[in-house]
Protein chains: 2
Amino acid sequence: MTSSTSAASAASAAPAVTSVDEVLALVRARGGRATPSRRILLEVLFESSDHRSVEDLACEVQARAPEVHLSTIYRNVEELERLGVIAHTHLGHGPATYQLATIAHSHLVCERCGRRIEAPEELFADLARAAAERYGFSIDPRHFAILGRCADCAQEARDVAGGGG
Amino acid sequence: MTSSTSAASAASAAPAVTSVDEVLALVRARGGRATPSRRILLEVLFESSDHRSVEDLACEVQARAPEVHLSTIYRNVEELERLGVIAHTHLGHGPATYQLATIAHSHLVCERCGRRIEAPEELFADLARAAAERYGFSIDPRHFAILGRCADCAQEARDVAGGGG
DNA sequence: TTCGATGCAAATAGTTTGCATTCTA
DNA sequence: TAGAATGCAAACTATTTGCATCGAA
């Protein structure tokens with residue numbers, strides 16, 4: 001095992017699951033059951049490259065199996081997160097979003113226009129090091145969004161505020 | 001041009017209000033009114049050094065004026081935020097928290113035990129610089145929490161996971 | 001006197017829970 | 001068969017909104 005992993009993935013020994021069947025095997029291995037709704041949810045997750053809200057996921061799952069209930073999705077994402085297969089992120093306000101742990105990354109989110117920019121993990125290298133050194137704190141950049149202003153909105157704000165000198 | 005201000009305070013030209021009366025004057029100046037509920041809310045905010053949820057604030061306000069309604073607090077924090085007097089932060093899950101803009105700072109929040117560590121703005125200097133250089137993005141560290149594991153919980157996780165290796 | 005602010009109730013969004021039923025292992 | 005998972009409804013938390021009334025300026 002390459003144990004010099006970044007702060008983001010140090011916490012749990014997440015197996016590198018790469019297919020729906022592997023995850024379902026993992027579910028069974030821990031005493032859980034491979035149900036249709038779980039399989040479909042996983043299919044949707046594996047086909048998504050972006051962060052998805054539970055409602056979002058529910059829509060896609062229900063397109064294939066209309067009887068699957070929202071609460072089932074909630075229970076399943078919770079379970080899949082416990083297994084380390086997916087991770088959630090809080091994007092400022094609004095619902096939590098989920099994505100495969102293997103492709104998890106943080107986002108820069110503009111508080112004004114809502115624009116999202118994918119942030120590679122290395123962007124947090126310095127912060128991770130400083131937090132660890134000073135407070136012993138292991139940051140997990142996948143689980144929070146960096147809020148602020150995107151280039152355009154920051155420029156607009158500057159135009160307004162700086163007009164009079 | 002002193003454009004090398006920190007990312008956190010660049011966006012709005014926030015007047016350095018330091019007392020309840022100054023804020024109320026500011027409220028009046030923009031056409032608003034100095035009401036008892038606003039005064040009390042401001043008193044509570046000026047006496048708080050920590051981040052407070054709206055419900056939290058409501059409890060303290062209502063201790064002095066029981067008739068003040070929760071929705072009034074919501075409307076007032078919104079107004080005070082627009083004025084740049086207070087700022088909000090999203091602490092992972094749970095309600096948004098508010099604090100005076102002058103003492104606003106970010107927090108490291110443990111996702112496991114909920115512990116909060118105050119993070120000085122300089123901790124984000126490198127991240128702010130990198131985000132600005134690469135994406136033109138101005139981060140606002142006051143408005144989001146850095147999630148992860150505190151020293152104790154990270155250690156526990158290591159004990160559990162690393163037992164065999 | 002005017003219109004911004006409030007109290008209250010009800011709506012809304014996001015999420016969780018209790019329980020009888022269904023279905024995997 | 002056992003008990004994990006589901007569907008459904010209802011509770012719950014956080015927040016917003018409509019509206020008649022109140023009160024600051």
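All chains are named by letter (A, B, ...) in the order of the sequence lines, taking the proteins before the strands, and each is independently numbered beginning at 1.
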Enquirer: Atom CD of Glu67(A) to atom P of dC8(D): distance rounded to whole Å?
Expert: 8 Å
Enquirer: Does a side-chain N or O from Thr35(A) land closer than 4.0 Å to OP1 or OP2 of dA5(D), or not?
Expert: no
Enquirer: As a test of reading the structure: which of dA5(C), dT6(C), dG14(C) is closest to the side chain of Glu55(A), going by heavy atoms?
Expert: dG14(C)
Enquirer: Starting at CG of Leu91(A) and ending at C1' of dA13(C), how long is that distance when rounded to a whole Å?
Expert: 16 Å
Enquirer: Taking for each residue the nucleotide of DNA chain C with the nearest heavy atom, is it Arg28(A) or Asn76(B) whose nucleotide lies nearer the 5' end?
Expert: Asn76(B)
Enquirer: Counting any heavy atom closer than 4.0 Å, what does Ser53(A) reach on the DNA or RNA strands: base, sugar-phosphate only, or nothing?
Expert: nothing
Enquirer: Would you confirm whether the ring centroid of His143(B) sits within less than 6.0 angstrom of the ring centroid of His88(B)?
Expert: yes
Enquirer: For His69(B) and dG18(D), what is the distance between atoms NE2 and C1' respectively, to the nearest whole Å?
Expert: 13 Å
Enquirer: Can you identify which nucleotide, out of dT6(C), dG7(C), dA5(D), has its nearest atom closest to the Val68(B) side chain?
Expert: dG7(C)
Enquirer: So Val54(B), base contact, sugar-phosphate only, or nothing? Heavy-atom distance under 4.0 Å.
Expert: nothing
Enquirer: Describe the nucleic acid contact of Gly32(A) in one word from base, sugar-phosphate, nothing, applying a heavy-atom distance below 4.0 Å.
Expert: sugar-phosphate
Enquirer: Report the distance from atom CD1 of Ile73(B) to atom P of dA14(D), rounded to the nearest whole Å.
Expert: 15 Å
Enquirer: Counting distance alone, no hydrogens or angles: does the base of dC8(C) have a donor or acceptor under 3.5 Å from a partner atom on the side chain of Ser71(B)?
Expert: yes
Enquirer: Please report the distance, rounded to the nearest Å, between NE2 in His90(A) and P in dA13(C).
Expert: 20 Å
Enquirer: Show me the pairs that pass ring-ring contact (aromatic ring centres under 6.0 Å, His included) and involve residues 104-128 of chain B, at least two apart or across chains.
Expert: His51(B)-His105(B), His51(B)-His107(B), His105(B)-His107(B)
Enquirer: Does a side-chain N or O of Arg33(B) approach OP1 or OP2 of dG23(D) to a distance below 4.0 Å, or not?
Expert: no
Enquirer: Could you check how far CG of Asp56(B) sits from P of dT13(D), rounded to whole Å?
Expert: 15 Å
Enquirer: Is the side chain of Thr72(B) donor-acceptor paired with the backbone N or O of Val68(B) at a distance under 3.5 Å, no angle test?
Expert: no
Enquirer: Starting from P on dT17(C), measure out to CD on Glu79(A) and report it in whole angstrom.
Expert: 15 Å
Enquirer: For a quick test of reading the model: is some side-chain N or O of Tyr74(B) closer than 4.0 Å to OP1 or OP2 of dT16(D)?
Expert: no
Enquirer: For DNA chain D, whose closest nucleotide is more 5', that of Gly31(A) or that of Pro95(B)?
Expert: Gly31(A)
Enquirer: Is the base of dG4(C) touched by the side chain of Arg75(B) through a donor-acceptor pair closer than 3.5 angstrom?
Expert: no
Enquirer: Could you tell me whether a side-chain N or O of Glu22(B) sits under 3.5 Å from a main-chain N or O of Thr18(B), the two making a donor and an acceptor?
Expert: yes
Enquirer: Separation of Arg38(A) atom CZ from dT24(C) atom P, in whole Å?
Expert: 12 Å
Enquirer: When you measure from the side chain of Ser106(A) to the backbone of Pro141(A), do you find a donor-acceptor pair of N or O atoms at a distance under 3.5 Å?
Expert: yes
